[in-house]
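Report on the following structure.
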2 protein chains.
Amino acid sequence: MRVSNYLLSTQKETPANAEVVSHQLMLRAGFIRRNASGLYSWLPNGLRVLRKVEAIVREEMNKAGAIEILMPLVQPADLWTESGRWDKFGPELLRFEDRHNRDFVLGPTHEEVITDLMRKEISSYKQLPLSLYQVQTKFRDEVRPRFGVMRSREFLMKDAYSFHLSQECMDETYTKMHHAYSNIFSRMGLAFRPVIADTGSIGGSASHEFHVLANSGEDLIAYSTASDYAANIEKAQSPQPTTTLAPASQQMSLVDTPNAKTIAELVEQFDLDITKTVKTLIVRGATEKAPLVALVVRGDHELNELKADKHELVAAPLEFATDGEISDAVGAGPGSIGPVELAMPIIIDNDVAVMSDFAAGANQEGKHLFGINWERDLPMAQSMDLRNVIEGEATPDGKGTYAFARGIEVGHIFQLGTNYSKVMGATVLDENGKAKEMHMGCYGIGVSRIVAAAIEQNHDDRGMMLPEKLAPFTVGILPMNMHKSHRVKEMAEQLYSDLVEAGFEVLFDDRKERAGVMFNDMELIGLPHVVVIGDRNIDAGVFEYKNRRSGEKQEVPFAEIVSFLKNNHN
Amino acid sequence: MRVSNYLLSTQKETPANAEVVSHQLMLRAGFIRRNASGLYSWLPNGLRVLRKVEAIVREEMNKAGAIEILMPLVQPADLWTESGRWDKFGPELLRFEDRHNRDFVLGPTHEEVITDLMRKEISSYKQLPLSLYQVQTKFRDEVRPRFGVMRSREFLMKDAYSFHLSQECMDETYTKMHHAYSNIFSRMGLAFRPVIADTGSIGGSASHEFHVLANSGEDLIAYSTASDYAANIEKAQSPQPTTTLAPASQQMSLVDTPNAKTIAELVEQFDLDITKTVKTLIVRGATEKAPLVALVVRGDHELNELKADKHELVAAPLEFATDGEISDAVGAGPGSIGPVELAMPIIIDNDVAVMSDFAAGANQEGKHLFGINWERDLPMAQSMDLRNVIEGEATPDGKGTYAFARGIEVGHIFQLGTNYSKVMGATVLDENGKAKEMHMGCYGIGVSRIVAAAIEQNHDDRGMMLPEKLAPFTVGILPMNMHKSHRVKEMAEQLYSDLVEAGFEVLFDDRKERAGVMFNDMELIGLPHVVVIGDRNIDAGVFEYKNRRSGEKQEVPFAEIVSFLKNNHN
């Protein structure tokens, strides 16, 4: 591609209102332009990258045996009513009426449409298993779209759905898709991790998220230093306590603690071991009988809300009681609450169940109890994993310890089970002629989001450093003074035609610009390989080559440039 | 592709509610499924064809120097207000509010978005000319969607836009795009014609439609038997009259014609030459001074409404006066109207201006005037081309005569001029640093519609006969009794792997179905080449080959099948 025939549209200044580096660079490098809040046009540079992402996704889906289809973005509301999501979905679901006043939605996802399609197409177990996918525009009316295409309203997604007679068959395809997803991100040259994830509002039994690792990522991932185990912090399983319950060695005593409203203050003022203290948090209950529930974690631990709200007595999503509700129920403020003689259900973290001689609020304003012991001072409560894991703790597979990394979620795979097929009546006849609800899996990849995530992971202060498989062009040709030097022009043109013929995607900067401007543009867009040609080089018979990622420069004899690039290209 | 891993979804019965053959076949051959009125899912067979259409379009656009971008489907209303089309567009423009009550539309086209984008990106003539295109989903809320994807609400379109400093440069790109469009349809193997078209509501100076020829087409095309000249019937230019005005030879006489309300009745009852009669049609005027206007064409000619409404006195779009309005204005009903002493502006067809001794209504109920002559009986009226052309007449380029064909519009190219750049202020600085409005062209192709049009043109009573470049697969393998005969299975598997390796797109029917069912499916989907393999063939050492289009059968020795298919494949 000649720049003179192209729309390069680079900008020198960092744009206002772009908070994250990928958004800034995508605007500066002519990847995207904003049309309205959360709506973007992809300019040529950006679209080239988007299409490469799309192509790799498509190839790996095909390899995994999924078949491509294309469903409409505009979906009839009655399918959403049937699945129950018309009411469940918030205002992110964009709803509108057509000219005949019929209700429609802009699809944020396609479970309803595919289930409807398949209940009509598939009647026999012989047609199963079947995996279908599409690469399609989605729309989510985000309340606050931000970070460019990272959280836009209209975006490109690959969504796949699989259909099975049994859970076992579902498991097999799930594993195959997990593998396909790993291939996708590996082929793109991205550092990533599949992590065990919460199934969230879509529901289902198993779920993994795929995260591109980047310091700017919104999600915290807890992974094993020695194995493949990795989980979203929300799901990362705490190790079983390594100690057992020790016998009591202290009497329980009521202590005045007027200036200790927090664990930190308590520990400091009374010289306590923080691992001998607990925090008691009051949350709303799920039943009328118990409108409030107490959750107890060790003083140095953090409550994990998503683990807690799985308990049948706890309202989901988890909601904390107000100070007023706590005072009304307990007779003391939140800084003085504890499990002893607390008139509500108490759920404790596994680590709390092995504590002895510990301190907690006394349920009297400005007072704590020290030297509390289970069974002697209060009945042992029901325990479960209620807390976030900590770096350095053992991972549940027994291999290695937890380390944390930040990630950007770019893929999510789910086992939906029969959730949709049940409510929408998607059945097939099995070997015995009996109607059975199909088991379903769903597998999403945020195609446009990958572009932003790849940039978050791969950039420096001069611009993007996209992996070669994703860069908009592979090689840049930068002629110096081509418009004055005939021999430079001739050589540059020859190089361009040689490289194109050799199959490279080449950006040939034939503008009348200063070399500095051209070089900055190539670095900003992040072309992996740049070849400079000037009068000086012609005298010496060598091109000047620069590698974007390593920054290394090298002189390459004219005759060797194609083979040199072939060897250095991946 | 093995059918056992695929979603073939063929149907034997012709579906109800599918009026045209392409819609019927697309449902039967598992190309599409209806989700709601005018909304379709593309199943694997159909999507494969759609993607082939898309790929050819994209390649030819790239060759023509157009650069691909991607604009959002959801567009902010303020751009449409700015261009004036928010008010002009009817309810086909789907409008909705987002969660913050801001107005948006689902884009039926992207002139506003691209003009907005380019007025921000392009500032200098040095960046011009520039052609950009996208392949994007569009939405038009048709009042009566029909014929499947031929007139659906959500559809896939390629739209390109070009930007220029001058009309001359615009002309050049227009010619290049015309050429690219011809390449596109030629490569697809479709019989097509570019025709001179009306510019319609988008406006602009020059316009061509590209039609796929098919007997079922909605449009009538008038083309030259001896040249490239072709025009939509609405635009086809009538030849200049070959005769000149002859002197009067009859007296004008008032004749009682109580039973002649039509030209046919008049001619029959009074033994007149139909070319010596005229029809006078009363239409609404464009000005207050002349609320009604009379249009006169020869008795054997048909009024062309789109030609007529170009006249400054005629309201556009053309509207006929009611019987009541005619009676009030003239004092006689529509069957007795004529140009003599008619108190309103009269516009006559060029062929009427050379008539002498002709008959027309007398503007008295049940009476006609015979032997009318211009100037003697009434002043010569203003004449213009007001009528449809007739097969066999000379074409305006003087080469050949008109023949008619029916077509399906699949492409439309326009010169928009400065229509959009003027209202939206899209200017660039020219060589002298002066701001100039950019000239624009726009170029559309109905990607999904092409699939239907190709089927309308290419089918027989057994199913589709898509050109090889568009067929979902190139070769079908049809094994007989594979599930019983081991050697058939082995041979079929070998053939499958040989053909895939040779680069063919193969559909391998490995189902446990009767040969008849499998053969019917392959003919329905229209695979160009089918290879049958059964025990009998193995004994003889030959495959049975059948060509879908010609119906010819041939035996091909095992070792020659790959080269045979390569030679017969295009």
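Naming: A, B, ... by sequence-line order, numbering from 1 per chain.
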Under 4.5 Å heavy-atom distance to chain B, tell me which part of [X] shows up: side chain, backbone, both or neither.
X         : value
Leu50(A)  : side chain
Leu47(A)  : side chain
Leu106(A) : side chain

inquiry  = Do Phe104(B) and Leu94(A) have side chains that approach each other closer than 4.5 Å (heavy atoms only, starting at C-beta)?
reply    = no
Checking [X] against chain A: side chain, backbone, both or neither under 4.5 Å from a heavy atom?
X         : answer
Ile122(B) : side chain
Leu70(B)  : both
Phe139(B) : side chain
Ile32(B)  : neither
Leu156(B) : neither

All inter-chain donor-acceptor pairs under 3.5 Å (chain A, chain B):
{"unit_1": "Ser9(A)", "atom_1": "OG", "unit_2": "Glu121(B)", "atom_2": "OE1", "d": "2.5"}
{"unit_1": "Arg33(A)", "atom_1": "NE", "unit_2": "Glu121(B)", "atom_2": "OE2", "d": "2.5"}
{"unit_1": "Arg33(A)", "atom_1": "NH2", "unit_2": "Glu121(B)", "atom_2": "OE1", "d": "3.4"}
{"unit_1": "Trp42(A)", "atom_1": "N", "unit_2": "Leu70(B)", "atom_2": "O", "d": "2.7"}
{"unit_1": "Trp42(A)", "atom_1": "O", "unit_2": "Leu70(B)", "atom_2": "N", "d": "3.0"}
{"unit_1": "Arg51(A)", "atom_1": "NH2", "unit_2": "Glu68(B)", "atom_2": "OE2", "d": "2.9"}
{"unit_1": "Glu68(A)", "atom_1": "OE2", "unit_2": "Arg51(B)", "atom_2": "NH2", "d": "2.9"}
{"unit_1": "Leu70(A)", "atom_1": "N", "unit_2": "Trp42(B)", "atom_2": "O", "d": "3.0"}
{"unit_1": "Leu70(A)", "atom_1": "O", "unit_2": "Trp42(B)", "atom_2": "N", "d": "2.7"}
{"unit_1": "Leu73(A)", "atom_1": "N", "unit_2": "Glu154(B)", "atom_2": "OE1", "d": "3.1"}
{"unit_1": "Leu73(A)", "atom_1": "N", "unit_2": "Glu154(B)", "atom_2": "OE2", "d": "2.7"}
{"unit_1": "Val74(A)", "atom_1": "N", "unit_2": "Glu154(B)", "atom_2": "OE1", "d": "2.9"}
{"unit_1": "Asp98(A)", "atom_1": "OD2", "unit_2": "Arg153(B)", "atom_2": "NH1", "d": "2.8"}
{"unit_1": "Arg99(A)", "atom_1": "N", "unit_2": "Asp141(B)", "atom_2": "OD2", "d": "2.8"}
{"unit_1": "Arg99(A)", "atom_1": "NH1", "unit_2": "Asp141(B)", "atom_2": "O", "d": "2.6"}
{"unit_1": "His100(A)", "atom_1": "NE2", "unit_2": "Val143(B)", "atom_2": "O", "d": "3.2"}
{"unit_1": "Glu121(A)", "atom_1": "OE1", "unit_2": "Ser9(B)", "atom_2": "OG", "d": "2.6"}
{"unit_1": "Glu121(A)", "atom_1": "OE1", "unit_2": "Arg33(B)", "atom_2": "NH2", "d": "3.4"}
{"unit_1": "Glu121(A)", "atom_1": "OE2", "unit_2": "Arg33(B)", "atom_2": "NE", "d": "2.5"}
{"unit_1": "Asp141(A)", "atom_1": "O", "unit_2": "Arg99(B)", "atom_2": "NH1", "d": "2.7"}
{"unit_1": "Asp141(A)", "atom_1": "OD2", "unit_2": "Arg99(B)", "atom_2": "N", "d": "2.8"}
{"unit_1": "Val143(A)", "atom_1": "O", "unit_2": "His100(B)", "atom_2": "NE2", "d": "3.2"}
{"unit_1": "Arg153(A)", "atom_1": "NH1", "unit_2": "Asp98(B)", "atom_2": "OD2", "d": "2.9"}
{"unit_1": "Glu154(A)", "atom_1": "OE1", "unit_2": "Leu73(B)", "atom_2": "N", "d": "3.1"}
{"unit_1": "Glu154(A)", "atom_1": "OE1", "unit_2": "Val74(B)", "atom_2": "N", "d": "2.9"}
{"unit_1": "Glu154(A)", "atom_1": "OE2", "unit_2": "Leu73(B)", "atom_2": "N", "d": "2.8"}

ask   = So which of Val143(A), Leu130(A), Leu117(A) has the biggest tally of heavy-atom pairs under 4.5 Å with chain B?
value = Val143(A)
key: chain B interface, residue from Leu73(A), Val113(A), Leu128(A) that has the most non-hydrogen pairs under 4.5 Å   = Leu73(A)
message = So, taking the atom named CG in Leu132(B) and the one named CG in Leu43(A), what distance separates them when rounded to the nearest 0.5 Å?
response = 8.5 Å
note = In this structure, CE of Met71(A) is separated from CG of Leu39(B) (nearest 0.5 Å) by 13.5 Å
When Pro91(B), Ala36(B), Gly30(B) are compared by non-hydrogen pairs under 4.5 Å with chain A, the top option = Pro91(B)
